[in-house]
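Structure first, then comments.
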Amino acid sequence: MENGRPAWVWFCELFGELPPQNKVKQMTVCYTWFHERFRVLPADATDDIVRIYARAYIMMLLSSQLFADKNANRVHLRWLPYVASLEDLGRYSWGSAALAWLYRCLLSWNKQKRCQLGWATAASQVQP
């Protein structure tokens, strides 16, 4: 990812720990692990702990609300560069990004449907 650092090293730097191996699948972490681990901010939290919890919350929002996949049950590491600097989050055009994501999903869905329809049309022409 950034500066050639492996994503999981960066994850550990930003969140202070790694999720259990059974909660990891490729470049995603199970949403429930994030939710259970970062659900309640400790009352005596330092500024650094507050930043970790804020990053986790934002990662969950990005992966499950703004840029969700069909399941919305995994948090993707693609969002690490955006939550690394909380000060920079306001500089991004999140509405434009969400619209681009929506168009990408619609295009992908449309391609799948066209392939299915094309196959069905070809199959119906072959039948005696």
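On a predicted model such as this, the values are computed, not experimentally measured, just so you know.
- Between V29 and W8, some side-chain heavy-atom pair lies under the 4.5 Å cut-off.
- When all heavy atoms of L80 and A7 are compared, the closest pair comes out as CD1-O, 3.7 Å.
- Under the 4.5 Å side-chain heavy-atom criterion for Ile, Leu, Val, Met, Phe, Trp and Tyr, V9 and F11 are members of distinct hydrophobic clusters.
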Determine all donor-acceptor pairs shorter than 3.5 Å in which one atom belongs to a side chain in residues 96-107; sequence neighbours excluded.
{"unit_1": "S96", "atom_1": "OG", "unit_2": "S93", "atom_2": "OG", "d": "2.8"}
{"unit_1": "W101", "atom_1": "NE1", "unit_2": "A68", "atom_2": "O", "d": "3.4"}

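- The neighbour count for Y57 OH, taken as heavy atoms of other residues, nucleotides or ligands under 6.0 Å away, does not exceed 12.
- The two residues W10 and A84 make their nearest non-hydrogen contact at CZ2-CB, 3.6 Å.
- Under the salt bridge (Lys or Arg N to Asp or Glu O under 4.0 Å) criterion, no residue pair touches residues 21-32, with sequence neighbours excluded.
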Solution key, residues 43-52 side-chain donor-acceptor pairs under 3.5 Å, sequence neighbours excluded:
{"unit_1": "T46", "atom_1": "OG1", "unit_2": "I49", "atom_2": "N", "d": "3.3"}
{"unit_1": "R51", "atom_1": "NH1", "unit_2": "E87", "atom_2": "OE2", "d": "3.2"}
{"unit_1": "R51", "atom_1": "NH2", "unit_2": "E87", "atom_2": "OE1", "d": "3.4"}
{"unit_1": "R51", "atom_1": "NH2", "unit_2": "E87", "atom_2": "OE2", "d": "2.9"}

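- Note on ring orientation: taking the six-membered ring where Trp is involved, the planes of F67 and W94 are tilted (angle from 30° to 60°).
- For the atom pair NE2 of H35 and CG of N73, the computed distance is 14.0 Å after rounding to the nearest 0.5 Å.
- Legend: salt bridge (Lys or Arg N to Asp or Glu O under 4.0 Å) pairs involving residues 6-18, not counting sequence neighbours, sorted by first then second residue: R5-E13, E17-R37.
- In this structure, CG on L18 lies 8.0 Å from CH2 on W33, to the nearest 0.5 angstrom.
- Residues satisfying the side chain to side chain contact (heavy atoms under 4.5 Å, CB included) criterion with H76, sequence neighbours excluded, are M27, T28, S63, R78, W79.
- Taking the six-membered ring where tryptophan is involved, the planes of F15 and F34 are perpendicular, since the angle between them exceeds 60° and thus also 30°.
- Residues V40 and Y53 approach most closely at O-CE2, 3.4 Å, considering heavy atoms.
- Between S64 atom OG and M59 atom CE the span is 11.0 Å, to the nearest 0.5 Å.
- Taken together through direct or relayed side-chain contacts under 4.5 Å among Ile, Leu, Val, Met, Phe, Trp and Tyr, L86 and L14 form part of one hydrophobic cluster.
- Q26 has its side chain out of reach of L77: every pair of non-hydrogen atoms, C-beta onward, lies at least 4.5 Å apart.
- Residues passing the salt bridge (Lys or Arg N to Asp or Glu O under 4.0 Å) test with R91, sequence neighbours excluded: D88.
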